[in-house]
Amino acid sequence: MLPRDFTEEQIMFRDAYRQFLAQEIVPHMEDWREAGIVDRSAFRKAGEAGFLMIWPDEKYGGIGDNDFRFEQIITEETAYARVADWYNTLHSRLVGPYLTRFGNEEQCDRFLSKCVSGECVLAIAMTEPDAGSDLAGMRTSAVEADDHWVINGQKTYISNGINADLVIVAAKTDPDNNPHHMTLFLVERGMEGFERGRNLKKMGLKAQDTAELFFTDLKVPKQNVLGEVGHGFYYLMEGLAEERLIGAAGYLSAAQLSYDLAAEYVKERKAFGKPVAAFQNTQFKLAELRTELDLAQTYVDQCVAAFNGGALTAVDAAKAKLVTSELQCKAADIGVQLHGGAGYMDEYPISRQFTDARISPIYAGTSEVMKIIISRDCLGDDYAPFNTRNF
Ligand SMILES: Cc1cc2nc3c(=O)[nH]c(=O)nc-3n(C[C@H](O)[C@H](O)[C@H](O)COP(=O)(O)OP(=O)(O)OC[C@H]3O[C@@H](n4cnc5c(N)ncnc54)[C@H](O)[C@@H]3O)c2cc1C
């Protein structure tokens with residue numbers, strides 16, 4: 001692999017975070033997988049150790065350094081330690097930045113310190129039973145009334161849905177039903193009319209609580225409107241580019257782990273009197289994978305540098321998400337195949353690599369949606385089959 005660009009401080013940060021995971025998170029993961037939810041103490045411990053939401057200003061307890069490489073390190077190490085179902089990155093880097101980017105000072109003062117310490121766990125709720133890729137098709141609505149808004153509707157597949165104390169909820173707010181007129185609301189634990197449904201059982205990422213949320217005549221004070229009324233859709237589109245980049249860093253690290261697990265196994269396992277590593281098929285499969293991993297890493301690192309320089313586009317992020325999420329699945333699939341029957345057994349880590357990987361080309365925008373974004377950039381809007389500005 002080509003040399004990667006991290007500072008001395010970031011290399012030390014990586015070591016310290018790896019140790020934190022080994023001591024505080026990895027030993028509990030099996031229990032949390034059984035329970036279908038990570039214990040909230042994980043967020044508190046990470047907050048205390050300075051590994052949860054690191055980027056906010058020092059006055060909120062962060063380090064005030066917005067260098068994305070810190071987050072890249074956290075995501076890579078989390079995936080490589082096989083604890084990606086502790087969805088700390090969703091809290092820290094997918095949802096948290098909405099508060100500073102679109103929120104006002106009063107909202108930042110109210111919530112940010114608690115988010116940094118892990119006392120307040122975050123989630124974001126866009127998807128509904130009838131609206132996922134097509135966000136503009138959502139039905140949850142909010143109606144203005146005196147000093148508050150009244151929200152009715154439901155969301156599904158919401159990560160951290162059970163643990164969350166503060167949920168950014170997207171709702172339609174145009175009485176004339178303009179599909180893009182959405183607003184983001186800060187919905188807090190305990191607000192009357194906010195109920196959680198099932199913690200959904202999943203194929204992989206078993207410790208991540210992925211839940212249904214219900215809103216029935218939920219009164220949200222106006223001070224909990226995030227940003228401008230009616231701008232929510234565009235805020236989500238802006239947030240998704242960053243979400244896709246942080247996702248890409250994790251998917252690639254998970255793919256790297258699948259490669260390492262496979263490379264290790266084939267040296268040990270013997271068939272026809274030889275290590276499986278001695279078969280040319282094995283060598284070519286791993287050589288191809290190694291090359292794709294290295295190429296993807298260079299692209300993702302360049303995207304991170306572009307993000308740091310304020311130059312990352314939604315299209316760049318879509319390409320990174322598309323390639324890395326598909327590569328994560330491919331690496332896990334090759335890994336299982338090279339393990340033979342052992343690869344299908346729970347006790348071999350490659351098995352879980354396979355089931356955990358399957359969601360990556362689906363959430364945060366499916367591979368098909370990424371291709372729509374990229375092809376719009378290649379060919380222009382004139383050839384779009386429908387209004388692709390919905391992504
Ligand atoms: C584990 C998990 C965690 C999640 N966490 C969150 C969360 O925290 N917050 C949140 O809001 N959501 C979350 N989601 C939802 C996730 O983002 C959606 O599932 C995803 O965007 C896809 O939407 P959908 O499931 O409705 O699929 P659909 O939109 O129904 O898509 C079904 C299929 O049709 C394809 N398709 C759709 N439109 C087109 C088109 N125009 N052209 C070609 N193909 C198309 C899709 O690519 C897909 O293959 C999560 C989902 C899961 C499974």
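Note: hydrogens, waters and symmetry copies are ignored here, and every other heavy atom, side chains too, is used. In each ligand, atom 1 is the first atom listed, and ligand 1 is the first ligand listed. Note that the coordinates shown come from a computational prediction; the quantities given were computed from them, not determined experimentally.
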Numbered atoms and elements of ligand 1 in range of [X], under 4.0 angstrom, heavy atoms:
X	value
Thr366	22 (C), 46 (C), 47 (O)
Ile362	20 (C), 21 (O)
Gly132	23 (O), 24 (P), 26 (O)
Met126	10 (C), 11 (O)

For [atom], state which one of [options] supplies the nearest heavy atom.
atom	options	result
atom 38 (N) of ligand 1	Ala125, Ala364, Pro361, Ser133	Ser133
atom 19 (O) of ligand 1	Tyr87, Tyr363, Tyr157	Tyr157
atom 42 (N) of ligand 1	Ile124, Ile372, Val167	Ile372

Q | Criterion ring pair (Phe, Tyr, Trp, His ring centres under 6.0 Å) against His91, the qualifying member of Phe43, Tyr98, Trp86 | A |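 With His91 as partner, Phe43, Tyr98, Trp86 yield a single ring pair (Phe, Tyr, Trp, His ring centres under 6.0 Å), made by Phe43.
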
Checking [Y] against [X]: is there a side-chain donor and acceptor pair closer than 3.5 Å?
X	Y	answer
Tyr87	Asn163	no
Glu9	Thr7	no
Gln72	Asp301	yes

| message | Taking the ring centre of each residue, are Phe13 and Phe70 less than 6.0 Å apart? | response |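 Centroid distance Phe13-Phe70: below 6.0 Å, so yes.
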
Item checked: Heavy atom of Leu205, distance to ligand 1 below 4.0 Å -> no

Exercise for the section: Consider ligand 1: state whether an atom of it lies below 4.0 angstrom from any non-hydrogen atom of Ile158. Expected result: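 Under 4.0 Å: yes for Ile158.
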
Pairs of nitrogen or oxygen atoms closer than 3.5 Å, one from [X] and one from ligand 1: do any exist?
X	result
Thr156	no
Asp134	no
Val369	no
Lys202	no

Exercise for review: Specify whether Tyr235 and His231 have parallel, tilted or perpendicular ring planes, treating 30° as the upper limit for parallel and 60° as the lower limit for perpendicular.
Suggested key: tilted

Item to complete: Output all residues satisfying salt bridge (charged side-chain N to carboxylate O under 4.0 Å, His left out) with Lys371, sequence neighbours left out; order by chain, then residue number.
Response: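 Applying salt bridge (charged side-chain N to carboxylate O under 4.0 Å, His left out) to Lys371 gives none.
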
When Thr183, Leu184, Val220 are each screened for side chain to side chain contact (heavy atoms under 4.5 Å, CB included) with Val225, the one that passes is Thr183

Within 6.0 Å of NZ in Lys45, more than 12 heavy atoms from elsewhere:
yes

Thr127 contact mode with ligand 1 (heavy-atom cut-off under 4.0 Å) =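 Contact part for Thr127 vs ligand 1: both backbone and side chain.
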
